[in-house]
Amino acid sequence: MTTVTSNSSKEKEYESKDDSKTVRVIFISLLLDLLAFTMILPLFPALLDHYESVDSGNGLYSVFLNKIHKLSSLLNAPENINSVLFGGFLGSMYSLLQFLGTPIVGGLSDVYGRKPLMMLCLTGIALSYLLWAFSSNFGLFIIARIIGGISKGNISLSMAIISDATSAATRGRAMALVGIAFSVGFVLGPMIGAMFAKMSIGSRESQWYALPAMFAFFLSMCDLFYVAINMKETLPIKNRAKSLVNGISGAIVYINPIDLFQFNGVTDLTNTELQQLRSLGKTYFLYLFIYSGLEFTLTFLTHYSFGFSRMQQGWMFLGIGTIMALLQGTWVRQVPEHKTKAVIELGLWLAVPSFVCIGIAKDLMMLYFGIFLFAVSTAMIVTCMMTLVSKVGPENQKGIITGIFRSLGALARACGPVVASIAFWSLGSCTSYLIGAVALIIPPIILRNIT
């Protein structure tokens, strides 16, 4: 009996150490991935201007541009912001591919294991950055974004790996590390991208984007080799889906919008819990739909209205990320459980004046104040929303519930940028942001009615 107990203790100790190592590997992998992913954010407006300037008149950019010129003449929209519509299309396309591809990747990983699918995703991401570095025309750049969007299932796959490798007692701390990786990535990534783009100017002005793209490729290759060497498979064969059909059948509930909003994939809920989830889902989707539109068009607004350079764009994202990281790492994480809903509601109301201030800004003071409110509200809403969601439903359904919310978020990000870009392009920035501010009144009203 003593021997059995001793062996059992050793096994538990080994598993605990293995869990800790797996979480550390995922944290470093996500950090490398997000640093590379966010580098392109401040470069989008200049990238699209570049592809317009190098297009010979027969390329894909010109094909799209000619159609937009015809439409802009009908709508009397300013032609100098045509690239905003291109940007909205690319941003929404990337998120849509992620929305469609992520459940399939998850389903395949249930059959073949986590590590092979993680390696496949990271390889695709690395290939997308390499294509971006050599994308001498708009068509190659779009192909790079398509490959990157399809391969972006590594984020949700990382969540699944953490769930495999941790117990209920340690999962919260592990997920907190994931949040830190996101904060650091979104703080440093845009600044790194802007710095590399600035360094490349002068020597190769026509290919200024190659240096940040190659550095993103370098980070992604480091990520790929690091995971290949250090990550262990976390889904035992005995726990895998028996067939490919069983593995991907559950993906439908994450792709069908009706199933998503109705939370049809969740079982063992009371009527009250189901109504709470549906209301929270609507609140989250509508907020993120409008938020992602502002987030994406903000770089175009500062580029065209205030003449921000790539470096200034990087400093702007650094400021937003720093404010969010400071708030999330100090005050927000200390919010008592009974005040979570109130903090979300306050954040939603703060988002309204942030849109107004950015929309009507004629000088940098008003713009910076609106961006400050934008960062503060974001730090409050996103973190507390997921905390509130995690309190609803039985323990054995938490994974499904959070998976549906991730899919709702991806769907919102797939729709938001293109809708906001069309509004920005056809109505102008001021009208677009004011409409967004009015629409943002709805989410806190929905939230307030949740019992």
Side-chain angles (χ1 to χ4, degrees), residues 38 41-46 48 77-78 80-88 91-92 186-187 190-191 194 286-328 344-382 412-413 415-444:
T38 55
L41 294 180
L43 310 180
F44 249 117
L48 296 178
N80 65 325
I81 58 172
N82 284 333
S83 61
V84 178
L85 197 58
F86 280 96
S92 290
F186 276 85
V187 167
M191 178 57 68
L286 183 56
Y287 162 73
L288 204 56
F289 171 78
I290 301 170
Y291 164 86
S292 64
L294 181 145
E295 179 188 46
F296 190 84
T297 57
L298 182 59
T299 56
F300 292 95
L301 171 70
T302 55
H303 178 68
Y304 289 113
S305 299
F306 293 91
F308 273 26
S309 65
R310 291 183 284 271
M311 199 64 194
Q312 287 174 302
Q313 301 274 12
W315 282 112
M316 178 181 70
F317 279 105
L318 177 64
I320 292 174
T322 301
I323 293 170
M324 290 174 57
L326 287 175
L327 285 176
Q328 290 173 339
I344 299 172
E345 190 174 335
L346 175 60
L348 290 170
W349 284 118
L350 281 177
V352 176
S354 75
F355 273 54
V356 173
C357 291
I358 294 174
I360 65 174
K362 300 298 183 184
D363 54 58
L364 290 177
M365 185 65 69
M366 180 65 75
L367 176 68
Y368 289 150
F369 181 67
I371 291 175
F372 172 78
L373 291 179
F374 174 74
V376 171
S377 65
T378 302
M380 297 167 65
I381 297 168
V382 175
R413 288 186 175 277
C415 301
V418 70
V419 172
S421 296
I422 291 173
F424 189 105
W425 176 74
S426 58
L427 302 176
S429 59
C430 182
T431 302
S432 300
Y433 284 94
L434 291 179
I435 291 175
V438 173
L440 276 173
I441 296 174
I442 301 175

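Just so you know, residue 1 is the first one in the sequence shown, and it goes up from there. All values below were derived from every heavy atom in this structure, side-chain atoms included, with hydrogens, water molecules and symmetry-related copies excluded.
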Could you tell me which non-hydrogen atom of Ile290 sits nearest to which non-hydrogen atom of Gly436, and how far apart they are?
CG2-O, 3.9 Å

Euclidean distance, Leu327 CG relative to Met380 CE, rounded to 0.5 Å:
8.5 Å

If I take atom SG from residue Cys430 and atom NZ from residue Lys362, how far apart are they, to the nearest 0.5 angstrom?
6.0 Å

Side chains of Phe424 and Leu301, heavy atoms from C-beta outward: is any pair under 4.5 Å?
yes

Determine, step by step, whether Phe44 and Phe296 satisfy the ring pair (Phe, Tyr, Trp, His ring centres under 6.0 Å) criterion, reporting the C-alpha distance in whole Å, the side-chain angles of both residues, the deciding distance to 0.1 Å, and the verdict.
CA-CA 9 Å; Phe44 249 117; Phe296 190 84; 5.5 Å; yes

Taking atom CG of Leu294 and atom OG of Ser354, what is their separation to the nearest 0.5 Å?
6.5 Å

Of the non-hydrogen atoms in Gly293 and Ala420, which two are nearest, and what is the gap between them?
CA-CB, 3.4 Å

Does Leu41 reach the side chain of Phe186, with side-chain heavy atoms less than 4.5 Å apart?
yes

Please determine whether side chain to side chain contact (heavy atoms under 4.5 Å, CB included) holds for the pair Phe289 and Val419, giving the CA-CA distance in whole Å, both sets of side-chain angles, and the decisive distance to 0.1 Å.
CA-CA 9 Å; Phe289 171 78; Val419 172; 3.9 Å; yes

Distance only, no hydrogens: is a donor on one side chain within 3.5 Å (strictly under) of an acceptor on the other, for Gln312 and Thr302?
no

Shortest non-hydrogen contact from Leu367 to Ile358?
CD1-CG2, 4.1 Å

Check the pair Leu298 / Ile320 against side chain to side chain contact (heavy atoms under 4.5 Å, CB included), numbers first and verdict last.
CA-CA 12 Å; Leu298 182 59; Ile320 292 174; 4.1 Å; yes

Mind listing the closest non-hydrogen atom pair of Met324 and Ala375 along with its distance?
CG-O, 3.4 Å

Under a 3.5 Å distance rule, please check whether Thr431 uses its side chain to pair with a backbone N or O of Gly428 as donor and acceptor.
no

Closest contact, heavy atoms only, Cys357 versus Met366:
O-CG, 3.4 Å

Evaluate Phe300 against Leu48 for side chain to side chain contact (heavy atoms under 4.5 Å, CB included), listing each step before the verdict.
CA-CA 11 Å; Phe300 292 95; Leu48 296 178; 4.0 Å; yes

Evaluate the side-chain proximity of Met191 to Phe317: yes if any heavy-atom separation is below 4.5 Å, no if none is.
no

Side-chain (Ser421) to main-chain (Val418) donor-acceptor, under 3.5 angstrom:
no

Distance-only donor-acceptor check, side chains Thr297 and Tyr433, under 3.5 Å
yes

Separation of Thr378 OG1 from Ile323 CD1 (nearest 0.5 Å):
10.0 Å

Check step by step if side chain to side chain contact (heavy atoms under 4.5 Å, CB included) holds for Met316 and Ile371.
CA-CA 9 Å; Met316 178 181 70; Ile371 291 175; 3.8 Å; yes

Can you tell me how the ring of Phe374 sits relative to the ring of Tyr291, calling it parallel under 30°, perpendicular over 60° and tilted otherwise?
parallel

Sub-4.5 Å side-chain heavy-atom contact between Val352 and Val438
no

Mind listing the closest non-hydrogen atom pair of Phe355 and Ala437 along with its distance?
CB-CB, 3.8 Å

Are side-chain heavy atoms of Ile422 and Leu427 found at a separation under 4.5 Å?
no

Check for a donor-acceptor pair, side chain of Gln313 on one end and backbone N or O of Thr299 on the other, with a separation under 3.5 Å.
yes

